[in-house]
Amino acid sequence: MTPVSSRPDPKMSLDQIRAEIERRNPAEPEFHQAAREVLETLAPVLAARPEYADPGLVERLIEPERQIIFRVPWTDDNGRVHVNRGFRIEFNSALGPYKGGLRFHPSVNLGIIKFLGFEQIFKNALTGLGIGGGKGGSDFDPQGRSDAEVMRFCQSFMTELYRHIGEYTDIPAGDIGVGAREIGYLFGQYRRITNRWEGGVLTGKAAGWGGSLIRPEATGYGNVLFAEAMLRARGEELAGQTAVVSGSGNVAIYTIQKLTALGATPVTCSDSGGYVVDEKGIDLELLRQIKEVERGRVSTYAERRGGSARYVPGGRVWEVPADVALPSATQNELNADDAATLIRNGVKAVSEGANMPTTPDAVDLLQQAGVAFGPGKAANAGGVAVSALEMTQNASRMAWKADHVEAELARIMTDIHTTCAETAERYGVPGDYVAGANIAGFERVADAMLAQGII
Ligand code: NDP
């Protein structure tokens, strides 16, 4: 790699770094995409603050501190042995112990976990709390598996992972395919192996044994609060607006709940099979019964809801006209065609509940059309923020009341919105929450890295 001190101009050196990322991390398109998106916005801050150009700060930031890949063998209910792959990427611990979720989904590979871990560094920095960035998971598919199979998989996964984590080292949590059930099994195995009741080693625990109230709600609630803040900054209110939401998991469910509570009307939800549109607004109780109790599909929602709802197999929620769009399923689920459709239908704000759900060309289109765009690393940071509050409660052996946690969440989301808006303004790109989030997150991590020397 070119010695950093010989760089003639920060923009060019960022291009070189980008080329290096692609060369050194082949076949990891999602990681390239996430890194490119951050690097593209850093040129002004590197030009304005020359102390960041040396010594190799950006080069260190894009290289994970540690990458762990391991075998996860487990036995299904018929006695057949399966072998999955486990990952934990400990990306950056300048601000605190590594913190980030675990994803169990068949699409999981190294590049996806690295993109998620990289995003997590900046997201965690934006919360203002003391947490570094990490992410993990496996290509295990929990869909269609019995509770006993999921338990055996989680136990096998933790039998390797336990040696790498700890409340002062690395604290995993949930993500796609990892909810309260999986966190319970993972925690049980950690406790058994280590003989330690170490509450702060995992977050997303159930409230009865160390979990925080409002943690399940936090990502969805936080994203709705972020969308509301963006609208208010433009003199508009969320109440009375129609919203399209994708997904039907943890983030989508609590997004729908908060939208309804604040007077908006969420009219869609989806899964990988298709979407539901419900003109009367999604009936959350029915959706939760199907998804959380029966572990079913959204097509069942339309069957049971009757006249106001219809199921569109294979369709995309973005074709439903709405004022606000909240992608809450997975990466790259909203592309340029979808963005064009949303713009045509008069969308005012897009706020990312999922991680990197909007493709870069779609982000460009939305921003050029003047749509308020909230990037995931800011808009969905409420989840990890309340995870950090769960760690605080565990450390003090206290359990906070729900309204206290919710007030803290609201304060943190307001602060994140203000930080992003003010940072964008300071660097001459007012209203650009992507640049604001990337630069503000970068500055906080970069300052800690500079202070801690070349490590
Ligand atoms: P869940 O597993 O609870 O739900 C995921 C939802 O997205 C399901 O409806 C699922 O449908 C759908 N989905 C997943 N993968 C795909 C795919 N490849 N194509 C189409 N649909 C898909 O996960 P969460 O709600 O926890 O996570 C959703 C997003 O939010 C992720 O991007 C995650 O990284 C992000 N996030 C989550 C946080 C949290 O606190 N949980 C915090 C911050 C971000 P199906 O059942 O058909 O697969």
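In each ligand, atom 1 is the first atom listed, and ligand 1 is the first ligand listed.
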Near-ring test F31/F115, centroid separation under 6.0 angstrom: no
Non-hydrogen protein atom less than 4.0 angstrom from atom 10 (C) of ligand 1: no
Would you indicate which of [options] comes nearest to [atom] when only heavy atoms are counted?
{"atom": "atom 29 (C) of ligand 1", "options": "A329, G247, G273", "result": "A329"}
{"atom": "atom 34 (O) of ligand 1", "options": "D175, N380, V178", "result": "D175"}
{"atom": "atom 19 (N) of ligand 1", "options": "T330, N250, L116, D141", "result": "T330"}

For [Y], is there an ion pair with [X] - N to carboxylate O distance below 4.0 angstrom?
{"X": "E390", "Y": "R215", "value": "no"}
{"X": "E292", "Y": "R288", "value": "yes"}
{"X": "R310", "Y": "E303", "value": "no"}

Identify, for [atom], the protein heavy atom at the shortest distance, and state residue, atom and that distance.
{"atom": "atom 32 (O) of ligand 1", "result": "N355 N, 3.2 Å"}
{"atom": "atom 4 (O) of ligand 1", "result": "G249 CA, 3.3 Å"}
{"atom": "atom 24 (P) of ligand 1", "result": "V251 CG2, 3.9 Å"}
{"atom": "atom 45 (P) of ligand 1", "result": "S272 OG, 3.6 Å"}
{"atom": "atom 39 (C) of ligand 1", "result": "T219 OG1, 3.4 Å"}
{"atom": "atom 2 (O) of ligand 1", "result": "G177 N, 2.9 Å"}
{"atom": "atom 23 (O) of ligand 1", "result": "I176 CA, 3.4 Å"}
{"atom": "atom 15 (N) of ligand 1", "result": "H105 NE2, 3.5 Å"}

Residue from Q155, R196, E198 passing side-chain hydrogen bond (donor to acceptor under 3.5 Å, both in side chains) with Y190: E198
If we set the cut-off at 4.0 Å for heavy atoms, which region of [X] has an atom near ligand 1: side chain, backbone, both, or neither?
{"X": "Q331", "value": "neither"}
{"X": "A218", "value": "neither"}
{"X": "P357", "value": "neither"}
{"X": "E182", "value": "neither"}

Quick one: does [X] get a heavy atom under 4.0 Å from ligand 1?
{"X": "G174", "answer": "no"}
{"X": "M356", "answer": "no"}
{"X": "S328", "answer": "yes"}

Counterpart residues, side chain to side chain donor-acceptor pair (under 3.5 Å), relative to N335 (two or more places apart): none
Between H32 and N25: side-chain donor-acceptor atoms closer than 3.5 Å: no
Donor-acceptor side-chain pairing of E30 and N332 below 3.5 angstrom: no
Distance in Å, D147 CG paired with R181 CZ, rounded so as to fall on 0.5 Å steps: 5.0 Å
CD-NE2 distance between Q143 and H105, expressed to the nearest 0.5 angstrom: 7.0 Å
Distance filter under 4.0 Å to R297 heavy atoms, resulting ligand 1 atoms: 45 (P), 46 (O), 47 (O)
Check: G132 main-chain N/O paired with N92 side-chain donor or acceptor under 3.5 Å: no
Partner residues of A233 under the side-chain contact (heavy atoms from CB on, under 4.5 Å) criterion, sequence neighbours left out: H417, Y433
